[in-house]
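See structure below.
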Amino acid sequence: MFIDARTLPDASLVEADLAIIGGGVAGITLARTLAGHRTRICLVEAGGLEYDAMGQALYEGENTGLAYSTVTTRQRFFGGSSNHWGGYCRPLDPIDFEARDWVPHSGWPFGIEELEPWYAQATRLVEIAPGHFDDAGYWQAATGEQLPAPASGRLRMQFVHFSPPTRFGARYRDDLKNAENIQVLLNANVIRINATRDAGRVRQLEIRTLTGLSHRVKAKTYVLATGGLENARLLLLSNEVVATGLGNHHDQVGRYFMEHPHLSNFADLVTADLARVPKILRERLIVQGRPAQAAFNPAPAFMREQRLLNATFMVALADTYPTDVAPASADARTRANRDMLLAARRFLTDDPSPGPVAPGFRLGVGGSCEQAPNPDSRVTLSTQRDALGLPRLKLDWRLTDQDRRSFYTHLRSLALEFGALGSGRLRETIADQSDWPQPVSGGSHHMGTTRMSDDPSRGMVDRNGKVHDIDNLYVAGSSVFPTSGSANPTLTLVALTLRLAEHLKETVK
Amino acid sequence: MSEQPVDLTRRQVLLGALSTLIVGCSAEWRNIITAPQSASIHLRDALPNLVGDPAAAARLGQTYLAAHPEYRTADDLLNAIERTLLQHDAGALKQMDSDHVATAIKERIASEYAQNEVESVAGWIVSETEARLYGLTTMGVIDSRGQST
Ligand SMILES: Cc1cc2nc3c(=O)[nH]c(=O)nc-3n(C[C@H](O)[C@H](O)[C@H](O)COP(=O)(O)OP(=O)(O)OC[C@H]3O[C@@H](n4cnc5c(N)ncnc54)[C@H](O)[C@@H]3O)c2cc1C
């Protein structure tokens with residue numbers, strides 16, 4: 001059942017066994033998984049079924065670190081940010097879960113094997129083909145194209161699946177609507193989570209609508225699933241019992257904000273012979289009805305040896321240089337690319353033809369990097385207030401030298417790999433690698449602000465996502481990731497949420 | 001096409017092969033070229049296959065040479081390439097004809113990429129041997145049609 005909180009009488013009280021705060025990817029996944037279960041669920045969603053500018057404006061925030069939009073990188077209505085996500089899906093790598101001595105604050109409470117069964121189920125929810133994420137043999141057989149064996153030992157090939165992309169709100173709305181144990185409260189902004197005096201339990205949620213109504217939701221168990229930025233903000237806002245914010249005894253809430261730093265225009269890759277760059281390396285191919293594309297990731301042994309973070313690079317055909325004579329209008333970039341293609345032609349193609357030749361192609365390079373967990377990269381509260389009278393979010397996104405060094409080293413690996421395979425030459429177009437060029441952006445991936453650790457002084461939720469020291473409050477979403485890896489986060493957060501659902505089936509009666 | 005001389009030394013093979021790369025370029029470089037004399041015609045014919053478009057290669061080579069003042073003559077570059085090849089192919093190289101030398105150089109270049117033996121030339125990540133070939137091109141013995149001069 002869907003209820004619009006604006007239509008309820010003021011000061012209504014809604015009761016349930018389980019209250020889920022946030023109807024985005026995590027919240028919908030959790031509710032849907034528990035549909036038909038004996039637990040009475042209230043899913044509390046800030047927005048309605050459609051985008052609304054006033055509601056979205058509640059996501060505005062202040063920046064004190066690297067420039068970062070807190071509005072365009074998420075969506076505040078039913079379905080959450082899946083309403084405009086890109087659908088890139090890949091699990092984290094085994095190394096991402098490890099405590100790596102060269103990555104401060106790294107290490108999950110468990111290894112990838114704990115998530116593997118949940119990843120398998122998660123693929124169905126995001127509607128991608130199952131697995132084969134690092135199985136080059138499978139893709140070779142499926143596409144009929146020989147895939148090159150990596151030559152430098154520094155990179156390996158993995159495979160990204162693309163969700164349609166599944167809009168969780170539209171796709172699973174009916175499942176929630178038809179479930180007798182689920183109530184979805186729309187246009188209901190949770191403005192505070194009230195705790196008992198000893199801060200050991202959550203008592204209720206305070207709800208406010210943009211039309212000025214106030215309601216309450218009471219449940220036995222609560223799951224916070226408002227996204228990687230808002231999860232931290234809501235805990236910080238809930239400060240009547242613990243002045244620094246709920247669950248923040250150890251000053252962990254809001255710290256360790258991680259993104260996947262993305263750069264633009266950092267490299268040109270040219271290739272003379274597309275036959276040397278199998279299609280799946282440069283475009284999305286439909287394999288058994290579903291799209292997939294190869295990505296380049298650093299080899300774990302190389303990361304260990306060089307003490308580097310993870311990264312992902314993908315390439316795509318961006319430009320064709322069709323004639324042997326550069327047009328008079330050619331810009332410096334085009335001329336440089338053509339020069340390299342013409343000079344290195346003998347190394348890049350088997351075509352021995354003398355005389356005028358079409359030089360080749362430019363491949364665009366997309367890259368993103370793991371960001372090392374950094375306590376100073378953080379979410380706090382601003383002195384500015386939103387339309388509900390609440391302090392806005394203040395984001396201080398900070399990157400480290402290690403992040404940058406990793407990105408550039410892996411970029412170099414990409415150049416080496418294409419060079420060694422005789423399939424391309426790469427030009428680094430960032431002159432000064434001693435700093436991050438502007439703009440450095442993110443991938444709209446908000447991670448780390450309520451990190452998971454078995455040790456309460458190192459993370460605010462335990463291995464099940466339960467807030468340490470609070471009996472009945474859990475957190476779902478990528479804010480619990482202790483490290484970010486370089487894979488897009490949604491598949492992993494769905495897997496974690498499915499795992500949490502299983503845990504709650506046992507614990508919530 | 002002439003026969004491959006059987007007793008050609010490795011250095012003769014290399015010098016002969018690589019001298020054919022040298023492209024028409026700035027007078028400044030022409031003046032200091034000391035073109036090796038021992039090259040066979042056979043090798044001269046074979047080695048331009050290593051450089052695609054001489055003019056484009058020469059432009060890259062110019063940037064490379066500007067960053068490497070230690071290479072003042074074609075011989076300096078040839079010696080550097082030879083040393084690199086001998087280091088890796090000491091025995092076999094002696095027996096090679098020009099085609100095989102060209103292949104060995106291509107393989108060497110691929111392996112330099114794999115081993116991170118590269119330089120940045122105008123932002124391009126280029127294998128050391130490949131960059132030296134472009135440098136040689138700048139010093140000039142191939143005409144604009146890619147023929148040895
Ligand atoms: C442009 C874009 C492209 C992306 N592309 C990809 C991609 O290709 N691959 C990938 O893996 N990820 C991608 N992402 C990220 C992906 O969308 C998120 O990882 C995912 O949506 C996070 O799920 P979530 O449930 O934690 O948060 P959300 O999906 O953001 O859901 C949070 C929900 O909580 C609600 N809410 C917020 N505050 C409150 C409150 N106070 N009270 C009640 N409800 C509240 C919101 O309205 C929202 O519905 C992309 C994101 C964007 C913006």
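Proteins get letters first, then strands, A, B, ... in listed order; numbering begins at 1 in each.
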TODO: Check B/W124 against A/R425 and note the closest heavy-atom contact, atom names and distance.
DONE: CZ3-O, 3.3 Å
Task: Contact leader toward chain A among B/E130, B/E112, B/K106, B/Q115, where contacts are heavy-atom pairs under 4.5 Å - done: B/E130
- [ ] Could you look at B/L60 and say if it's the side chain, the backbone, both or neither that has a heavy atom under 4.5 Å from chain A?
- [x] side chain
Open item on the list: Please identify, among A/D268, A/N337, A/L341, the residue contributing the most non-hydrogen atom pairs under 4.5 Å to chain B.
Closed with: A/N337
- [ ] Flag the one option from A/G419, A/A415, A/G422 with the top tally of heavy-atom pairs under 4.5 Å to chain B.
- [x] A/G419
- [ ] Answer with side chain, backbone, both or neither: which region of B/V121 has an atom nearer than 4.5 Å to a non-hydrogen atom of chain A?
- [x] neither
Open item on the list: Apply side-chain contact (heavy atoms from CB on, under 4.5 Å) to residues B/Y134 and A/D339 and explain how you reach the verdict.
Closed with: CA-CA 11 Å; B/Y134 298 148; A/D339 265 2; over 6 Å; no
Task: Residue part contacting chain B, namely of A/R412, when any heavy atom lies under 4.5 Å - done: side chain
TODO: Write down the atom of B/A114, the atom of A/A151, and the distance for their closest heavy-atom approach.
DONE: CB-O, 3.6 Å
- [ ] Please report the shortest heavy-atom distance between A/F347 and B/L133, naming the atom on each side.
- [x] CZ-CD1, 3.8 Å
Task: Exercise: identify the closest heavy-atom pair between A/R346 and B/L50 - done: CG-C, 3.6 Å
